Novice: 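Here it is, the structure, as structure tokens.
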Protein chains: 2
Amino acid sequence: MTRVLVVEDDAAILRGLKDNLEAESYEVLTATDGEVGYELIRDAAPDLVVLDLMLPKMSGYELCKKVRDEGMTTPIVMLTARGEEADQVLGLDLGADDYVTKPFSVRELLARIRALLRRTNPEPTALDELRFDDVIVDFRRYEASRGNEKIKMTRKEFGTLRLLAERAGLVVTRHDLLKEVWGHGHEPTTRTIDNHVASLRAKIEKDPSQPKRILTVHGVGYKLDV
Amino acid sequence: MTRVLVVEDDAAILRGLKDNLEAESYEVLTATDGEVGYELIRDAAPDLVVLDLMLPKMSGYELCKKVRDEGMTTPIVMLTARGEEADQVLGLDLGADDYVTKPFSVRELLARIRALLRRTNPEPTALDELRFDDVIVDFRRYEASRGNEKIKMTRKEFGTLRLLAERAGLVVTRHDLLKEVWGHGHEPTTRTIDNHVASLRAKIEKDPSQPKRILTVHGVGYKLDV
DNA sequence: TCCTCCGTGACATCTCCATGACAACCTCCG
DNA sequence: CGGAGGTTGTCATGGAGATGTCACGGAGGA
């Protein structure tokens with residue numbers, strides 16, 4: 001099972017993350033200060049670390065640097081309070097792999113974690129489920145429902161929605177979709193993508209003519225807001 | 001976007017390389033003889049050149065030498081037919097940066113290209129977010145806000161602002177903007193840029209008629225002060 | 001075979017962009 | 001100090017390009 005370490009001093013946030021991560025079937029370790037966090041990274045070898053920037057004893061900053069200086073490559077997602085810090089986290093060669101700005105959406109953090117694990121772990125960590133409003137999409141079972149109604153979705157629709165969900169909140173270009181969902185070689189017209197998005201909207205949007213979830217970013221691509 | 005020029009007279013190979021490079025999100029220019037190749041290197045300023053040794057009009061050999069003699073440092077990967085030639089390419093201080101021997105593996109060539117780009121063009125850390133005053137711009141989400149109000153920005157506006165932000169404090173010329181934001185081929189009047197700057201100011205400046213953030217440097221360009 | 005799903009093209013619609021004209025401005029030099 | 005020439009700010013407008021939508025034909029699986 002994939003093991004995630006969360007280092008966070010705010011008890012409420014820590015609890016929330018732990019619950020959510022466990023609901024996603026991760027094994028969760030926790031620490032509330034930098035020193036314990038460091039020991040756990042070293043001794044428990046988690047597959048990924050979620051690290052708050054502000055911490056007692058040793059800041060996330062120092063912790064990240066120390067870990068990297070000692071040659072460990074454990075993927076780290078930073079929780080940063082403000083935007084300016086974010087740049088530094090990734091920029092100053094601190095060695096964090098991704099970051100999320102507080103206040104963050106748990107859903108987004110989970111998506112980032114999944115993406116990062118997939119990027120760094122050879123074994124693909126698939127996104128299992130997507131939920132919003134009264135819509136539930138289960139990517140493992142290839143099933144979807146809305147309220148009590150089942151929704152019939154096709155393979156390409158699942159693929160498209162899944163990529164959007166894995167990058168929840170971020171813009172996904174048509175090119176990305178072609179590459180990830182259609183794969184090498186097969187490269188249909190971009191018209192095709194619009195059609196699949198249209199049919200997705202017809203199935204999961206409350207008002208398909210006024211999409212609130214699958215948004216168009218003119219000239220760029222689409223993004224999923226959850 | 002990173003721009004790669006491929007100079008190759010064999011149509012099949014050229015096509016294959018173009019497809020593969022585009023699949024890796026490079027912008028690809030092509031030429032089938034040395035003379036056109038030379039003009040493109042000079043005028044289109046690609047980030048990297050893949051150069052066949054045997055070419056009509058001007059051989060890859062001459063082309064490489066000419067380019068270097070004129071002081072251009074564009075990284076060049078040579079495609080050589082036989083092993084013996086390879087040594088010469090690098091050895092006779094022709095100025096190529098790397099080479100691949102035909103028949104080559106596309107995967108290997110792509111890896112060489114990536115490595116060479118990393119070596120020569122350390123990519124400026126992609127900027128995700130920009131904040132000042134009560135303005136927040138998120139370049140990954142293509143979202144912007146000011147206080148609690150969402151700001152609607154277009155693709156070109158995001159691109160323009162992003163380049164300014166990546167070089168915060170430094171002057172960015174109109175030429176730079178055309179090259180980075182508009183890309184090769186499309187080259188509108190510089191008037192167009194003024195218009196985009198104007199609409200950016202209207203959206204993010206407190207008093208658009210007295211800009212404090214996006215400043216004009218008369219006769220040179222614009223710069224962002226944050 | 002039948003049916004589902006996918007890719008494509010055509011068309012309507014909408015957004016965004018490029019352009020040119022003119023006014024305001026800056027700079028440099030007389 | 002003032003004026004000329006070049007540069008920039010601003011606006012309105014036409015049009016290019018992107019997207020939404022629909023219907024059709026074909027491929028492949030059941």
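Predicted model, so just to flag it, every value in this text is computed and none were measured. Numbered from 1 within each chain, the chains take letters A, B, ... in sequence-line order.
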Novice: Please confirm whether the shortest side-chain N or O distance from A:T154 to OP1 or OP2 of C:dT4 is below 4.0 Å.
Specialist: no
Novice: Given atom CG of A:L177 and atom P of C:dG7, what is their separation to the nearest angstrom?
Specialist: 12 Å
Novice: Quick one: A:L178 CG to C:dC6 P, roughly how many Å, whole number?
Specialist: 14 Å
Novice: Please check the phosphate of D:dT8 (OP1 and OP2 only) for any side-chain N or O of B:R174 closer than 4.0 Å.
Specialist: yes
Novice: Has B:K203 got more than 12 heavy atoms of other residues, nucleotides or ligands less than 6.0 Å from its NZ?
Specialist: yes
Novice: Check DNA chain C against residues 189-202 of chain A and give the residues with a non-hydrogen atom under 4.0 Å, in numerical order.
Specialist: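 Contacts with DNA chain C under 4.0 Å: A:T189, A:R191, A:T192, A:N195, A:H196.
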Novice: Inspect the contact between B:K212 and B:D133 and indicate whether a charged nitrogen and a carboxylate oxygen are less than 4.0 angstrom apart.
Specialist: no
Novice: Can you measure A:H175 atom NE2 to D:dA18 atom C1' for me and round it to whole angstrom units?
Specialist: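 After rounding, the gap between these two atoms is 18 Å.
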Novice: For A:Y222 and A:D194, does a side-chain donor sit closer than 3.5 Å to a side-chain acceptor?
Specialist: yes
Novice: Side chains of B:E157 and B:S199: any donor to acceptor distance under 3.5 Å?
Specialist: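 Distance-only check passes for B:S199 and B:E157.
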Novice: Taking only N and O in the side chain of A:W182, is any of them less than 4.0 Å away from OP1 or OP2 of C:dG7?
Specialist: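 A:W182 to C:dG7 OP1/OP2: side-chain N or O found under 4.0 Å.
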Novice: What is the distance, to the nearest angstrom, from the NZ atom on B:K203 to the P atom on D:dG9?
Specialist: 17 Å
Novice: Going by atom types only, do B:T74 and B:R68 share a side-chain donor-acceptor pair under 3.5 Å?
Specialist: no
Novice: Can you check whether B:V4 reaches B:L29 side chain to side chain, under 4.5 Å on heavy atoms?
Specialist: no
Novice: Taking CZ from A:R155 and C1' from D:dG29, how many angstroms apart are they, rounded to a whole number?
Specialist: 10 Å
Novice: Among side-chain atoms of B:N195 and B:T192, is any donor-acceptor pair under 3.5 angstrom?
Specialist: no
Novice: Contacts to DNA chain C from residues 211-226 of chain A, heavy-atom cutoff under 4.0 Å, which residues?
Specialist: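 Those residues are A:H218.
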Novice: Rounded to the nearest Å, what distance is computed from the NZ atom of residue A:K156 to the P atom of nucleotide C:dT4?
Specialist: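 Value for this atom pair: 18 Å.
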Novice: When you look at CD of A:E149, are more than 12 heavy atoms from neighbouring residues, nucleotides or ligands closer to it than 6.0 Å?
Specialist: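 Open: at most 12 neighbouring heavy atoms sit under 6.0 Å from CD of A:E149.
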Novice: Heavy-atom count around A:R131 CZ within 6.0 Å, excluding the residue itself: above 12?
Specialist: no
